[in-house]
Each structure stands twice: as structure tokens, then as C-alpha cells.
Amino acid sequence: MNKVDSSEKLSPIPAPAVDDIPVALRDTPQSSSQLLGSKQLLLLAGLGLVALTLFAGLGFAMLETRSVASRPVEDVPPATAEPAESQTAAATPSQANTLLGHFEYEEAPASELAPVSADGSIKMRKAAAEAFQAMQAAAAADGVSLVPLSAFRSVNDQQHLFFDVKAERGQTATKRAEVSAPPGYSEHHTGYAVDIGDANVPAANVSPDFEHTAAFKWLEANAARYSFEISFPKGNAQGVSYESWHWRFIGDINSLETFYKARGKK
């Protein structure tokens with residue numbers, strides 16, 4: 001073997017040129033730290049976009065709410081307004097036209113009155129007078145004698161019955177109102193109301209005992225046929241004492257409105 005001279009230096013092997021590195025080796029994958037940083041940036045960008053979208057939507061909604069709230073009521077869409085029915089459902093009948101439990105009534109014109117008694121002193125509205133006389137005749141056919149004790153009464157007449165009698169008996173206004181209405185508030189002013197007695201039992205006239213008479217029992221069974229009803233039954237809402245002898249005519253639209261329209265009944 002030939003020995004190599006130790007003084008002779010070996011020439012280094014030249015490194016290959018960059019162009020000589022295969023393409024596949026040039027595209028070296030990024031390091032794991034570089035890849036993670038990119039994903040984090042993308043995630044943060046996505047979250048920022050979502051937050052921006054939500055903020056924009058919330059701001060739009062707030063502006064819309066302020067816009068609706070600032071509009072006049074009539075401009076608010078019907079769906080947001082309270083239905084008219086619910087606004088009026090809680091409404092109650094006005095009691096401004098009552099006094100001590102009695103409703104206010106107008107005095108019937110004299111021209112509208114007709115007699116229901118033989119001497120002509122007791123009168124009712126014409127329609128009511130005709131109905132009463134027909135009822136009286138029907139009762140007589142059944143052997144019952146209905147007699148009118150009081151019907152139309154002026155405001156002046158009621159003045160005496162309320163204030164003068166109250167003073168004579170030493171009654172308070174509220175106590176007197178249980179049995180007699182203040183002037184201007186009596187059903188008798190209308191010409192439709194009548195106090196009825198039994199001619200065969202005069203002692204029961206205008207008395208709680210009237211309910212035990214044949215006349216009262218006949219009225220209970222037949223008065224509605226002639227459009228009469230008892231005005232103050234037991235436990236009536238007005239708080240007026242039970243008056244078995246006091247009846248009223250409700251046989252036409254005027255009488256019906258007179259007694260029912262103002263008090264909110266249907």
C-alpha cells in the first residue's frame with residue numbers, strides 16, 4: 001500500500017448548491033410553534049368578528065326600541081297596543097246620579113199622565129195606566145181587588161214626604177232614605193211607579209203585611225204579564241227596605257231605559 005503523506009491536506013467536499021436541493025426538501029414544514037401562532041390569530045380574528053356582529057345587532061335593536069318609544073301612541077303598531085276591550089272591561093257604571101241609594105229621575109210631564117183611580121186623583125203615564133187597568137181587571141176576574149194607593153208624585157210632594165216626615169219622626173236622612181226617596185230621586189216622579197193595596201185588607205196597605213194578602217200573591221204570579229215588576233225586593237242592591245206594595249211599569253222602551261239604562265244593567 002502506498003502511504004499518504006501526512007503533510008498533504010485533504011480538500012473539503014464542496015456543499016451542494018441550493019439549486020441542487022430537491023424541491024420537496026426546500027418546502028420545509030413550519031415549526032409547531034409557528035403553526036400554533038397562526039391558529040390562535042385566526043381564532044381571535046373569528047371571535048372579534050362575532051363580537052362585532054353582536055354589538056352591531058344590539059346597537060340596532062336599542063336604536064329601534066328608542067325610536068318606537070319616542071313615537072306618539074297612535075303611531076305604535078296595533079300589535080303593541082292594549083286591545084280596546086281590555087281597556088274598557090274594568091269599567092263600572094257611574095253612581096254619580098244616586099243619592100242615599102236612590103237614582104235620580106225626571107218628573108213626568110202633566111200632558112203624559114192619565115187617571116187610574118175612580119176620582120182621577122191618582123195618575124200614571126198613559127201606557128202604564130192602560131196596563132195597570134188591564135191588570136186590575138184580570139185580578140178582579142180572579143176575585144182579587146187591586147187598588148192604587150199612590151202613583152205619580154211631583155218633586156214638591158216628595159219634598160214633604162221626605163223632609164217633613166223625617167223631622168216629625170226624628171229620623172236621620174239615611175234612615176228616612178230606607179223607606180222614602182229624597183225629592184228628585186223617587187220612582188214616583190216618572191209616572192211609571194204605583195203603590196198597590198188589597199181593597200179587602202186595607203190594614204195591610206203600605207205595610208210589610210201586604211205580602212201576606214191575596215193581592216200580593218196574585219201580583220207575584222201575574223204582574224209580569226202586564227209588564228209590572230216589584231221595585232224593591234228583599235236584599236235589593238240599592239239598600240232600600242223591602243216594599244212588597246211598590247211596583248213599576250217597564251212595558252215600553254222609555255220606561256225600560258228610565259229604570260235600567262242609568263244603572264248599567266243589561
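These numbers come from the heavy atoms of this one structure, side chains and all, not from hydrogens, waters or symmetry mates.
- Linking Ile, Leu, Val, Met, Phe, Trp and Tyr residues whenever their side-chain heavy atoms come within less than 4.5 Å places Ile196 and Val206 in a single cluster.
- Checking Glu187 against His102 by side-chain atom types alone, no donor-acceptor pair falls below 3.5 Å.
- Not a single donor-acceptor pair under 3.5 Å links the side chain of Ser207 to the backbone N or O of Phe210.
- Formation of a donor-acceptor pair under 3.5 Å by the Gln158 side chain with backbone atoms of Ala181 is found in this model.
- A distance-only check finds a donor-acceptor pair linking the side chain of His189 to the backbone of Arg153 [under 3.5 Å].
- Between Glu211 and Lys234 there is a salt bridge, since at least one side-chain N of the basic residue sits less than 4.0 Å from a carboxylate O of the acidic one.
- Separation of atoms CG (Asp198) and CH2 (Trp218) is listed at 12.0 Å; rounding is to 0.5 Å.
- For the pair Arg248 and Tyr260, the cation sits on the ring face: its NZ or CZ lies under 6.0 Å from the ring centre, inside 45° of the axis.
- Ile250 and Val240 end up in different hydrophobic clusters when Ile, Leu, Val, Met, Phe, Trp and Tyr side chains are linked at under 4.5 Å.
- Side chain of His246 to backbone of Asp195: no donor-acceptor contact under 3.5 angstrom is found.
- Side-chain contact, Ser117 with Asp119: a donor N or O sits under 3.5 Å from an acceptor N or O.
- In terms of heavy atoms, Pro183 sits closest to Gln159 at CG-OE1, 3.4 Å.
- Remark: Lys217 does not engage Glu220 in a salt bridge, criterion side-chain N to carboxylate O under 4.0 Å.
- The shortest distance between side-chain heavy atoms of Glu229 and Phe249 does not fall below 4.5 Å.
- Thr190 is not listed as a side-chain neighbour of Glu106, based on a closest heavy-atom distance of 4.5 Å or more.
- A pairwise comparison of heavy atoms in Val179 and Glu243 identifies O-OE2, 3.3 Å as the closest pair.
- Using a 4.5 Å heavy-atom cutoff, the side chains of Asn254 and Arg125 are in contact.
- Tracing side-chain contacts under 4.5 Å through hydrophobic residues (I, L, V, M, F, W, Y), one never reaches Tyr105 starting from Leu113; they form parts of separate clusters.
- Taken to the nearest 0.5 Å, the NE2 atom of His188 stands 8.0 Å off from the OG atom of Ser231.
- Considering only heavy atoms from C-beta on, Phe152 stays 4.5 Å or farther from Asp157 through its side chain.
- The closest side-chain heavy-atom distance from Trp247 to Leu219 is below 4.5 Å.
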Residues Phe228, Phe132; criterion side-chain contact (heavy atoms from CB on, under 4.5 Å); working and verdict = CA-CA 8 Å; Phe228 279 88; Phe132 179 81; 3.9 Å; yes
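- Residues Pro182 and Leu100 have side chains in contact (heavy-atom distance under 4.5 Å, counting atoms from C-beta outward).
- When only modelled atom types and interatomic distance are considered, Trp245 and Asn205 share no side-chain donor-acceptor pair under 3.5 Å.
- Thr172 contributes a side-chain N or O that, together with a main-chain N or O of Lys175, makes up a donor-acceptor pair within less than 3.5 Å.
- Using a 4.5 Å heavy-atom cutoff, the side chains of Gln136 and Ser145 are not in contact.
- To the nearest 0.5 angstrom, His160 atom NE2 is 12.0 Å from Asn156 atom CG.
- Residues Ala128 and Met124 share a closest heavy-atom pair of CB-CE, 3.7 Å.
- By the criterion of side-chain heavy atoms lying less than 4.5 angstrom apart, applied directly or through intervening Ile, Leu, Val, Met, Phe, Trp or Tyr residues, Phe232 is not grouped with Phe162; the two fall into different hydrophobic clusters.
- The NZ atom of Lys261 sits 8.5 Å away from the CD1 atom of Ile253 when rounded to the nearest 0.5 Å.
- When all heavy atoms of Ala215 and Val144 are compared, the pair lying nearest together is CA-CG1, 3.5 Å.
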task = Might you work through the side-chain contact (heavy atoms from CB on, under 4.5 Å) test for Thr98 and Glu104, ending with a clear yes or no?
result = CA-CA 6 Å; Thr98 62; Glu104 185 177 15; over 6 Å; no
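- At least one donor-acceptor pair closer than 3.5 Å links the side chain of Glu107 to the backbone N or O of Val155.
- Side chain of Arg176 to main chain of Leu161: a donor-acceptor pair is present (N/O by atom type, distance under 3.5 Å, no hydrogens or angles).
- Closest approach of Val165 to Gln171, counting heavy atoms only: O-OE1, 4.5 Å.
- Side-chain atoms of Asp252 and Tyr192, non-hydrogen and from C-beta on, do get closer than 4.5 Å to each other.
- Taking both residues in full, the closest heavy atoms of Pro148 and Ile122 are given as O-CD1, 3.2 Å, listed atom of the first, atom of the second, then distance.
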